[in-house]
Amino acid sequence: MEARGRKIVLAASTSESTEYMRSTWRQMLLATLPMRYAHLLKTTWSTSVETEPDGQAKYVPQGLRVVESLLAEKFSPEDIAVCYPDQLHLFVGTDTRVVGLHAHNPLGITFATDVYAQFYGPDVEPINAAEFRRLITHPVLRAHKPHLKLIVGGPGAWQIEKKELQDEWSVDCLVHGEAEEIVVPLFEAAMRGEPLPRSIEGASPAMKSIPHLRRRSTYGAVEITRGCGRGCQFCSVALRAGKSIPLEQIVANVRAQVAGGADSILLVTEDLFLYEAGQQFQPNRPALKRLFESVAAVPGVNYIGLTHGTMSPAVVDPSLIEDLTPLAVGRSVHRHAASTHPEKRYQNLFVGVETGSVRLFKQFMKGKAYPFRPEQWPDVVLKGMDTLNRHNWFPFCTWILGLPGETDDDTRQSLELLFALKDAKWCAVPTLFVPLEDTRLEARESAKIARLTDLQWEFFFTCWRMNLDFFRTSRRVQWLFNAGIPIYYYTLGRKLVGPKMKYPLLRLAHFPERLLRNRLYLDFSNRRSSLYRVPEHVPIPEHRQRPEIPELAVLTQQGTAALP
Ligand code: B12
Ligand code: SF4
């Protein structure tokens with residue numbers, strides 16, 4: 001044990017650091033599964049992480065690695081340690097002056113996460129929240145608090161403020177937003193023992209301020225773009241102008257991952273197709289190809305994973321997907337029997353579909369479809385899905401239920417689009433609207449599970465029924481699940497959530513559709529055809545094809561919110 005410790009200690013919780021099975025969706029589950037039943041759900045892997053011989057973390061979320069790199073330029077690397085909660089006692093000691101913690105989703109109150117935990121009862125803490133609490137209330141932090149400053153940063157730092165836990169947890173400073181240009185002066189002030197601001201907001205940094213990564217991040221995450229600019233009103237990066245990280249820096253960061261033992265690289269972005277994109281989000285095929293080739297060529301890289309993407313570029317230029325497929329799918333770690341790849345590989349991309357309602361789409365996210373018009377959104381989704389699936393890209397698509405002012409008619413339109421996608425190869429992830437800080441909808445009310453309508457419940461469980469059917473691996477587990485659902489409903493679900501979930505839940509449990517037909521909106525018993533079909537071609541409105549027109553000038557200056 002280092003009684004004196006290191007001057008600067010950085011740490012992240014285990015459930016936000018684990019890269020179990022190189023599976024990003026498994027880690028996402030941790031934000032939704034309840035800690036109380038973790039043993040029953042066999043999620044002991046949620047805390048499985050690896051350490052270096054000296055006890056430091058082998059991998060932590062990329063944001064914390066960025067902070068480490070910034071600090072290492074100013075302070076001696078010997079003064080800095082990066083670890084998990086179980087090793088904090090090795091590094092926090094009498095010499096420690098500042099502890100910086102990373103928060104991705106520390107209380108589990110962002111979209112999707114709080115919804116699922118509520119199915120298990122009131123006040124049930126998701127694994128993720130319990131693990132963060134274990135980190136921030138660690139006894140060694142309490143013991144040494146009189147001589148150290150506690151700083152928490154990351155995309156979920158706002159949650160601590162929102163839940164008024166800053167004082168209870170003795171957090172000196174919460175860092176929101178991008179931190180490149182504030183980390184060093186803030187940590188210097190902390191080292192001098194000066195009082196810190198209660199919270200601080202980082203602005204978008206100059207490209208030169210984004211440092212090279214020195215060590216391995218969780219999933220071998222390497223940022224390729226930052227920001228977006230499509231302007232969705234519920235999104236925190238909506239109006240942040242997109243920028244691409246220079247290829248040499250990306251490749252150097254990939255090498256740092258491999259040097260740290262990673263054989264898999266996760267290309268992190270809000271939208272893959274924004275990488276070196278032209279004006280008005282025009283995808284840059286040569287640059288994307290060069291990116292994949294350069295990453296795959298780094299010795300030691302066996303797998304390449306992706307985070308987010310938008311649908312419209314796949315429709316603007318379908319051959320883009322075809323061109324990227326040999327490396328994007330060929331180097332993917334994921335496999336599925338429905339893939340036509342010789343090794344059954346498929347690539348995963350998180351895509352925000354959000355709604356089938358053109359009205360809501362127009363109101364809250366019209367830039368997402370650009371250069372297509374909001375009215376073309378269902379066609380864009382269907383055509384994009386068709387193109388992606390054809391090349392073995394199986395996207396994980398989020399939908400938002402309970403956007404402000406959503407009516408039954410809007411939900412019906414989402415159900416229709418969902419129905420049209422029933423044979424697609426994908427995962428549909430229903431989430432509830434959460435007004436995130438720093439978004440244009442931050443003052444609006446969040447959607448509440450207790451207020452979901454019959455149609456919204458149908459949407460919610462129909463998604464999961466489709467996912468179960470697509471990802472099911474064992475008939476026995478399926479059978480047990482089917483039998484367990486009515487038991488859950490009558491013992492707990494009915495009491496916690498109410499009778500509105502009953503028939504949708506029975507669809508999830510594979511009750512015959514003919515028995516549900518009169519109770520639910522959709523009918524999967526083949527008696528009804530879909531309102532939508534995959535279009536042959538989705539035309540780009542002529543006036544949006546030429547960059548010199550005034551509408552596009554507005555787009556670049558003010559974000560897509562200004563689009564007609
Ligand atoms: C990669 C990623 C993931 C991966 C890997 C996460 C991991 N543990 O490494 C996966 C897919 C697993 C994942 C899961 C989830 N994610 Co995620 N994820 C991302 C993504 C795309 C990139 C993160 C990243 O590496 N960014 C690049 C780094 C450099 O940025 P950064 O982390 O923000 O760090 C900067 C600052 O925050 C700050 N900073 C970071 N840490 C610290 C620490 C200190 C001390 C200081 C001072 C500063 C500081 O400095 C950094 C440099 O500016 C972001 C979106 C984005 N582009 O950021 C979403 C994002 C962070 N995720 C989000 C969400 C909602 C989730 C999930 C809850 C999704 C879900 N509903 O299930 C889960 C939760 C996971 C869990 N264990 O609980 C939201 C967060 C919203 C919020 N917190 O309120 C984001 C912003 C996406 C979005 N647009 O909504 N995610
Ligand atoms: S497309 Fe919309 S939701 Fe996605 S990152 Fe851009 S602004 Fe956010």
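The first residue in the sequence is number 1, and the count goes up from there. Computed from a prediction, not measured in an experiment: that's the story for all the values here. Ligands are counted one by one from 1 in listed order, and the atoms in each one are counted from 1 as well.
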Aromatic ring proximity, centroids under 6.0 angstrom, F471 and H336: yes

Measuring from S17:OG to L64:CG, what's the distance to the nearest 0.5 Å? 8.0 Å

With a 4.0 Å heavy-atom cut-off (strictly under), which part of S217 contacts ligand 1: side chain, backbone, both or neither? neither

With atoms numbered from 1 as shown, which atoms in ligand 2 lie under 4.0 angstrom from a non-hydrogen atom of C228? 1 (S), 5 (S), 6 (Fe), 7 (S)

Considering all heavy atoms, the nearest R214-S69 contact: N-OG, 3.3 Å

Would one find an N, O or S atom of C235, in either backbone or side chain, under 2.8 Å from atom 2 (Fe) of ligand 2? no

For ligand 2, which atoms sit closer than 4.0 Å to a heavy atom of E270? 5 (S)

Residue pair Q27 / Y219, side-chain heavy-atom distance below 4.5 Å: yes

Heteroatom of H104 nearest to atom 17 (Co) of ligand 1 (N, O or S, atom name): NE2

I need the atoms of ligand 1 closer than 4.0 Å to a non-hydrogen atom of G156, numbered in the order shown. 83 (N)

Contact between R226 and ligand 1, counting heavy atoms under 4.0 Å? yes

Between W377 (side chain) and T355 (backbone), is there a donor-acceptor pair under 3.5 Å? yes

Ligand 1 contacted by W158 (non-hydrogen, < 4.0 Å): yes

Is the backbone of E131 close enough, under 3.5 Å, to the side chain of E16 for a donor and an acceptor to pair up by distance? no

Which of the numbered atoms in ligand 1 are below 4.0 angstrom from a heavy atom of H308? 21 (C)

For ligand 2, does C232 get within less than 4.0 Å through its side chain, its backbone, both, or neither, judged by non-hydrogen atoms? both

Which of the atoms in ligand 1, numbered in the order shown and given with their element, are less than 4.0 Å from a heavy-atom of G100? 45 (C)

Within the structure, is a non-hydrogen atom of A221 found at a distance of less than 4.0 Å from ligand 1? no

With under 30° as parallel and over 60° as perpendicular, where do the rings of H104 and H102 fit, or are they tilted in between? tilted

Has W464 got a side-chain atom pairing as donor or acceptor with P430's backbone, closer than 3.5 angstrom? no

Contact check: Q27 vs ligand 1, nitrogen or oxygen atoms, below 3.5 angstrom: yes

Check: Q62 N/O within less than 3.5 Å of ligand 1 N/O: yes

I'd like to know whether ligand 1 has P126 as a neighbour, heavy-atom separation below 4.0 Å. no

Should Q159 be listed as contacting ligand 1, given a heavy-atom distance under 4.0 Å as the test? yes

Heavy atoms only, cut-off 4.0 Å: how does E223 contact ligand 1, side chain, backbone, both, or neither? side chain

Can you list the ligand 1 atoms lying under 4.0 Å from a non-hydrogen atom of L64? 43 (C)

Interatomic distance, CG@L88 vs NE2@H138, rounded to 0.5 Å, equals 5.0 Å

Output the list of atoms in ligand 1 that are nearer than 4.0 Å to some heavy atom of P61, sorted by atom number. 8 (N), 9 (O)

Under 4.0 Å from ligand 1, counting heavy atoms only, is it the side chain of L101, its backbone, both or neither? backbone

Side chain, backbone, both or neither: which part of T24 has a heavy atom under 4.0 Å from ligand 1? both

If we ignore angles and hydrogens, is there a donor and acceptor under 3.5 Å between the side chains of S209 and E181? yes

